[in-house]
Amino acid sequence: MSQQHSRQEFLPPATTATVTVFASPTSWIESDAVAQCHQVAALDGMMHVAAMPDLHPGKGAPIGAAMASTILYPFLVGSDIGCGIAVFPIKLKRAVPEKLAARFPDLDRALDPEQDADDPAWAVVKGDIPAGHVEGLGTVGRGNHFVELARIGTVFEPGHVSRLELAAGDLVLVVHSGSRGLGERILRAHTEVHGAGPAPDPDAYLAMHDDAVRWGSLNRRLLAARVAHALGTEPTEPIVDQCHNLVEVRDGIYLHRKGAAPGDGRDVLIAGTRGTPSYLVAAHAGPEAGHSVAHGAGRKMSRADALRRGRAKHTVEELRRTPVGSLVVCGDRQLLFEEAPTAYKRIEQVIDDLVDHDLATPVATTIPLVTYKTPDLGSTPRDRRRKRGRS
DNA sequence: ATGTTC
């Protein structure tokens with residue numbers, strides 16, 4: 001027995017995890033990202049890596065993948081535990097992008113439980129704030145996060161859309177945000193001791209992880225409520241709220257999702273870009289796909305490349321007023337270039353790949369009207385203080 | 001991605 005044991009140490013792992021890429025051969029998939037999938041596949045305990053058509057390289061681990069393992073690796077979820085996309089119906093009498101863009105509240109400023117005690121957005125908080133973490137509550141964050149006012153565009157599945165009590169032309173708020181500093185703190189606490197190694201006490205990690213997932217969902221509700229009130233209407237319950245950075249325990253296996261949304265019989269909003277439609281899909285992914293679907297268009301360029309190439313190719317004005325006629329509220333010029341639609345893959349190709357692999361059925365598109373990322377240029381600190389005073 | 005950078 002001991003002989004058998006020692007012999008195995010000189011052999012390759014008995015089982016090498018499978019890697020499946022759910023994309024067509026012509027889809028834009030960087031070889032670096034596929035290489036990362038194979039690095040993940042070589043980890044102890046790894047069983048299967050399912051790469052989504054929005055796959056792109058991440059920091060250490062690929063983004064746009066579901067990874068099933070007998071061992072829990074916190075770095076495969078990353079720091080933004082609980083990040084996800086929620087969709088909230090919203091009713092407005094008129095939707096003129098210019099007028100509405102000016103009314104968005106400052107979503108870089110956290111809701112303070114004492115100073116903002118009378119803010120009506122608090123009504124969406126039913127129980128305790130997860131982990132008691134009030135820092136950054138109600139803020140959208142940076143990177144690819146946003147709050148978007150959009151209208152339902154093409155309807156592919158009329159029955160499904162009417163079951164959601166929606167119709168073409170109706171307005172929705174799409175909120176993409178995560179757990180801000182909380183998830184970052186949870187990953188850092190692990191990494192400082194164990195690096196990219198497994199969680200020594202998976203249940204202890206999962207308890208903190210679950211807090212971050214709940215916090216992210218609550219934060220998306222708070223963001224939607226802040227915007228709804230600022231636009232003169234009441235908050236609603238989300239019709240969709242799927243988290244794409246999390247680990248799910250399934251039949252005793254840890255299914256890590258990093259930029260992959262739960263796709264087993266659920267509706268998912270797959271984000272396009274700040275200038276193209278997004279797709280609401282009915283997801284029906286099986287085990288081969290890690291029960292998952294894509295979470296967005298997926299980056300085609302690194303942030304550095306997008307900034308360098310974008311400055312040569314685009315003006316700030318054309319990025320703020322997009323091809324679909326929407327406005328982008330983003331006072332951070334660098335972020336505006338990093339998040340340019342041309343820095344992303346074509347969302348239609350991502351959706352086609354999901355459909356071709358029978359992972360999802362398109363239900364409807366959402367067309368942006370106003371995408372809020374961070375307070376606008378020309379909005380000085382004094383302007384923002386005055387705006388707060390009014391709201 | 002991030003209570004981040006010099």
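Lettering of chains follows the sequences in order, A, B, ..., and the numbering in each one begins at 1.
- With sequence neighbours left out, A:R180 forms a salt bridge (charged side-chain N to carboxylate O under 4.0 Å, His left out) with no residue at all.
- Applying the ring pair (Phe, Tyr, Trp, His ring centres under 6.0 Å) rule to A:H284 yields no partners; only residues at least two apart in sequence or on another chain are considered.
- Within 4.0 Å of A:R299, counting heavy atoms only, lies no atom of the nucleic acid at all.
- Here A:R185 pairs with nothing under the salt bridge (charged side-chain N to carboxylate O under 4.0 Å, His left out) rule; sequence neighbours left out.
- To the nearest angstrom, P of B:dT2 lies 18 Å from CD of A:E192.
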Scan nucleotides 3-6 of chain B against the protein and return all N/O pairs shorter than 3.5 Å with their distances rounded to 0.1 Å.
residue : atom : partner : partner atom : Å
B:dG3   : OP2  : A:G181  : N            : 2.9
B:dG3   : N9   : A:E135  : OE2          : 2.8
B:dG3   : N7   : A:E135  : OE1          : 3.2
B:dG3   : N7   : A:E135  : OE2          : 2.4

Would you list the atom pairs, donor with acceptor, under 3.5 Å between side chains in residues 229-237 of chain A and any protein atom, with sequence neighbours excluded?
residue : atom : partner : partner atom : Å
A:T233  : OG1  : A:K91   : O            : 3.3
A:T236  : OG1  : A:P89   : O            : 2.6
A:E237  : OE1  : A:R221  : NH1          : 3.1

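- For residues 135-160 of chain A, the pairs satisfying salt bridge (charged side-chain N to carboxylate O under 4.0 Å, His left out) are A:D108-A:R142, A:R142-A:D332, A:E148-A:R274, with sequence neighbours left out.
- Note on A:G143: only backbone sugar-phosphate atoms sit closer than 4.0 angstrom, heavy atoms only; bases stay farther off.
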